[in-house]
Number of protein chains: 6
Amino acid sequence: MMVRLADLDWKTYEARVAGGDAVILLPIGAIEQHGPHMSMNPDVLIPEAISEGVAGLLENGLVAHPISYGYKSQVKSGGGNFFPGTTCIDGKTLIDMIRDVIVAYARHGNRKFVLVNGHYENSMFIVEGIDLALERLRHDGINANVMLLSYWDYVNKDTIGKVFPDGFTGWDVEHGGVLETSLMLHLHPGLVNLDKAVDHEPATFPPYDIFPSDPSWVPASGTLSSARKATVESGKLLFDVCVEGIAESIKGQFS
Amino acid sequence: MMVRLADLDWKTYEARVAGGDAVILLPIGAIEQHGPHMSMNPDVLIPEAISEGVAGLLENGLVAHPISYGYKSQVKSGGGNFFPGTTCIDGKTLIDMIRDVIVAYARHGNRKFVLVNGHYENSMFIVEGIDLALERLRHDGINANVMLLSYWDYVNKDTIGKVFPDGFTGWDVEHGGVLETSLMLHLHPGLVNLDKAVDHEPATFPPYDIFPSDPSWVPASGTLSSARKATVESGKLLFDVCVEGIAESIKGQFS
Amino acid sequence: MMVRLADLDWKTYEARVAGGDAVILLPIGAIEQHGPHMSMNPDVLIPEAISEGVAGLLENGLVAHPISYGYKSQVKSGGGNFFPGTTCIDGKTLIDMIRDVIVAYARHGNRKFVLVNGHYENSMFIVEGIDLALERLRHDGINANVMLLSYWDYVNKDTIGKVFPDGFTGWDVEHGGVLETSLMLHLHPGLVNLDKAVDHEPATFPPYDIFPSDPSWVPASGTLSSARKATVESGKLLFDVCVEGIAESIKGQFS
Amino acid sequence: MMVRLADLDWKTYEARVAGGDAVILLPIGAIEQHGPHMSMNPDVLIPEAISEGVAGLLENGLVAHPISYGYKSQVKSGGGNFFPGTTCIDGKTLIDMIRDVIVAYARHGNRKFVLVNGHYENSMFIVEGIDLALERLRHDGINANVMLLSYWDYVNKDTIGKVFPDGFTGWDVEHGGVLETSLMLHLHPGLVNLDKAVDHEPATFPPYDIFPSDPSWVPASGTLSSARKATVESGKLLFDVCVEGIAESIKGQFS
Amino acid sequence: MMVRLADLDWKTYEARVAGGDAVILLPIGAIEQHGPHMSMNPDVLIPEAISEGVAGLLENGLVAHPISYGYKSQVKSGGGNFFPGTTCIDGKTLIDMIRDVIVAYARHGNRKFVLVNGHYENSMFIVEGIDLALERLRHDGINANVMLLSYWDYVNKDTIGKVFPDGFTGWDVEHGGVLETSLMLHLHPGLVNLDKAVDHEPATFPPYDIFPSDPSWVPASGTLSSARKATVESGKLLFDVCVEGIAESIKGQFS
Amino acid sequence: MMVRLADLDWKTYEARVAGGDAVILLPIGAIEQHGPHMSMNPDVLIPEAISEGVAGLLENGLVAHPISYGYKSQVKSGGGNFFPGTTCIDGKTLIDMIRDVIVAYARHGNRKFVLVNGHYENSMFIVEGIDLALERLRHDGINANVMLLSYWDYVNKDTIGKVFPDGFTGWDVEHGGVLETSLMLHLHPGLVNLDKAVDHEPATFPPYDIFPSDPSWVPASGTLSSARKATVESGKLLFDVCVEGIAESIKGQFS
């Protein structure tokens, strides 16, 4: 069964969402540098692929066209908003975009949403967008339910052990590192060139942030830890654990 | 040379945009019903493909990740914002999105933009987004130049004659009709099923609009004219005339 | 019967709108150069006069005080937003103004609105203002109906033939040309000085727009075609065909 | 010399504002009930007429098209926002409108503005609109100066003594009373019908406000004091004292 | 009984507001210079203290945490927004803050609000915040009632006579003068140093405002009249008359 | 030396901030339930006290009046926005408030800011407020530097070991637990009643969020872990480690 919502014609879509039981998965990402060894769209492509994987495990899952531009990259999580190619939008714009898109899909009769986030900095703006969407819908007499998740929260200890056999340096520095690079190797190998991955120690930061950002805080590569040990096998492991875990959550919550 | 901006790694992108002479093409579309015979993403996919075609003809063209959700479909141009699958955002949200994305790319040093619109209803909100972006940039001492175009304005009389040998019923009713369907047949044949195209007379409308919309004004198919006579050959003709014409305009304006 | 809403005292107005059957006509215009031969308010004065003419043909029509400042003039339709005297507001401001004014009149009990636009660039922002107004009213349990029209869409072929005996160069270049000038000669002859009208070929434009605008694209007069052949007789013809056509539409839609 | 800005053609206007020494007077009003004896537009018409009177006394004064829809009427100053015909806009909308219009006129080269307010409730939103306009202009390197006044602040004790020979009940209750009615009798006698003026004691209010408004606080007429003693002579006195005083202020401030 | 809302634990608060009969008093102030003899927080501290006094006289009054940053100080009422230490926010921000806070307390079940303003310039933005809050709540089916007052409106003639035995120069110039200073001497003597109070004539102003502000209009002290005659006894008198008057109003309105 | 900014008179403040070397500490909190054993203002009071402690260690530190209302409480970090007493504002409102307040203090000549956050959910909205403030200031030619920190990030392992001798259950569940309760016991013992603290296991949550929130996910107490083991000694330890660490960071960054 086709799961990419926008690839359906509207009559087919109408039939799929009738009854309000379809699960609409909305990937939300960012266009942002991920080191010299990888394209700038992993935050879009990974949640999109995971959403499609999840939808395949659901009775009636549909993957909406992703929201692709995300909130401003922060030094400690994405290297910062001063790298060429890191292309970010204002917080209010993201809030409104999330709100409008949920409202629009809900007006088609959908009541079950899963927002699959691929860019850490988006999280709170997505939360606000959901809150405003639910209020707007409520005023029209519509009650919808929205799950929000970041895919990496589904990577369990077991998988971590396999992906990082030499020890895990923590989620904080996973920007452009083994996690994302492995997933991209599995999903879009043509967008990764491991030869260009820079080997460096995981970044360390003081307990505060400074604005305007200080580029000297960030490794020159833009990655917060080295991607050198990324493998396609790790990518598959990570992909599978996320897809299965998320599908499980959705079934538990929405059935 | 690769033209999809977000598929580059940031170091490659940095090199490409150094000097400010790269041309950034930004496709802007919508997710909207286009009849029972076609997917709901032609307004994104067509300008994206055309942008890539154009970029291939430029010395240094880059196609930015598209802005995919567009302004509310209107009855007379897109069938209206009440069809299942037509997924639209508020005008202010689109204005802000356009503004933010231009500002972000300009902060990388880009000064030459071409916005390639694929959804009629977006036009004026894009204009406002550009105006606000240029003001914001100007306040930071940055002067950028932005071309805005809708690809269909590059279809000349000669091509019209070939695509509509029995006479052209006008741009007004081309929603989901021969033009878009032919282009999709050429670009994404898997997303079209001509057998489902409904044959009906071109829609006619009174000289005013009414809100809330009256669905009885619109053909039940959602298309404003029949797509039956769409062909892959017409799609290629249309694609080529747009790509060449746009590339010509850009060279004339930006070199 | 008086038709200018704001000229009524409130008790008279209250009586007129009781029952919700009054038709509220709201003229929407702009302050914008219209060539060296004419004042800068035709986009307000013409729809205001037409609205009053239409109201005179309805059982209970009332013309609201116009919304006078409009969206930014564009090169191809109004010469552009860089002429001295062209005085334009942001898109979001116009959206909000339209929304608020509709909501306010609806709270008096009115349910039938006709928005009469006199400035092309306003159109999509008016659409959005209406959409937001209807949502806001709906949340208060109020359902209103709004017709939106631009008066020039009521000029039929027959009238065109009479007004342009030497051939019509198209709506695109009618800014400050024969159409508006004739109407002003008929309605406000004191605000026109045909001797100052500049004779020039109709403007031609490339198929794209450029921002910031390029003043060299626009005739130095600010008009997009010559007004020399404007006459008071043409003005009366145009006025009558618009008034009668609009009144007809309203009766058809709202009775 | 013509003073109504929008009645000029743009070439004449351009010549008038060259050098930045023209004084742009911008009337700001409201559409609001003013009792059963008077039209609902005095808050627009009075400041407009006063502005034109003032402009006539200046070397180069121009009266801009008024901003006609104002902030929500309050019980103690305008009777409240629940009367039929009282047609008010949101505070943010008024702020933006003021900001945009000042910015637009300043971009024509104007640097001297006088905002003539005719609706008490507008005041603080105008202040904010001015502040935002000056910031926006400053960011473009433009420094403008804006005077803000409410015309009634120019009525001196001497005039009060003549207009209210039996004693003045205070500005607070002058809504639709002797002041505004006299001015309208002088300026627009056709919009006043003194026979319908209701005789009642001046309204008295507790020291607080309550929301939602309590209509029982307001005289049924909508006026806060009786207009019975309004005369055309008082109107002329009031008009003259305002016009002369304001012209004096402008000369003192701007020459 | 404790009256400071935020000092309660939530279970106690829940019990207090059950039934919707609690009166929520919300002090609203500003951080603003008040002369060289006094701290910059009287506009927060005075309404907060008065609210607590009032709450003590009510059956079930609760004082919410104050909204402390207020609208931009104006020359004629607070000396102007150019003094070091005068720390003001945009009008729209204050509107939104008022709206959000009322909505939040109403969602706990509260229906009776008293907004106690301590900064003149806030007034109209508070009005708009209330209006938007009531609309937002209404759309959720909640009807709340909001009283709005400025504490100084409760100072009666008798008290004025005692506080200003040599004659009252008017509310207009009371910024940082005898009224506020006496209240602060009574409430927070440690934040006043009368020795530093500057003796000067009450400020006088022209009948208009000018933007950007002209600092030469304002006494160098920042006060609009001298605080020299402030006393702790006057402070107590003023405090008591406000507290008692406001409590009376609330009982009359809300019981 | 006094450190509470708003307790200074403006002349003293002016002298303190002259030269732009003062460090402005701005506490940012929330009004939110913290269990049945504690008041609802720890998120304001703790960062305010820490800021004052830090300022005491700096050469010229000033603590601005706090921003007290914060972003919507989330289930996993603050129990959720449905508890009576949890009083939250929209994300856009918080963004604007942060922006305006920084801009205002910067216009006094301040260039060094430290934002001390006490409410986890605020973080990203503060980031955006800072970004918008810096842009607005930059457009006026002002360059300021802003440090942002959450005080708990200064609690080191050593302190954790002492405060949680039986093992640390993690920051995630510290809402209303030992950390905040100990700090409040140290700073405001009158606002804590440990007898009412509920003993329960630390909360556990699924890896996703659900909206509208599901109250059954949260312990009935509103705390995410038990506060029973809070002590005044732990409070002092925590306070000291934060104050000293933050002062150290500021000196390192700003001297």
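Keep in mind that what you see is a predicted model, and the values were worked out from it rather than measured.
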| request: Quick one: which of C/Asp214, C/Asp96, C/Ile246 has the most heavy-atom pairs under 4.5 Å with chain B, could you say? | output: C/Asp96

| task | May I ask you to list the residues in residues 98-120 of chain B that approach chain C closer than 4.5 angstrom, counting heavy atoms only, ordered by number? | result | B/Arg99, B/Tyr120

| request: Counting only heavy atoms closer than 4.5 Å, note whether C/Ile210 contacts chain B via side chain, backbone, both or neither. | output: both

| message | Using only non-hydrogen atoms and a strict under-4.5 angstrom cutoff, which residues of residues 142-160 of chain B touch chain C? | response | B/Ala144, B/Asn145, B/Val146, B/Met147, B/Leu148, B/Leu149, B/Asp153, B/Tyr154

| query | Do any of residues 124-134 of chain B come closer than 4.5 Å to chain C, heavy atom to heavy atom, and if so which ones, in number order? | reply | B/Met124, B/Phe125, B/Val127, B/Glu128, B/Ile130, B/Asp131, B/Leu132, B/Leu134

| Of all the residues in residues 72-85 of chain B, which have a heavy atom that comes within less than 4.5 Å of a heavy atom in chain C? | B/Lys72, B/Gln74

| Residue C/Pro212 versus chain B: region with a heavy atom under 4.5 Å | both

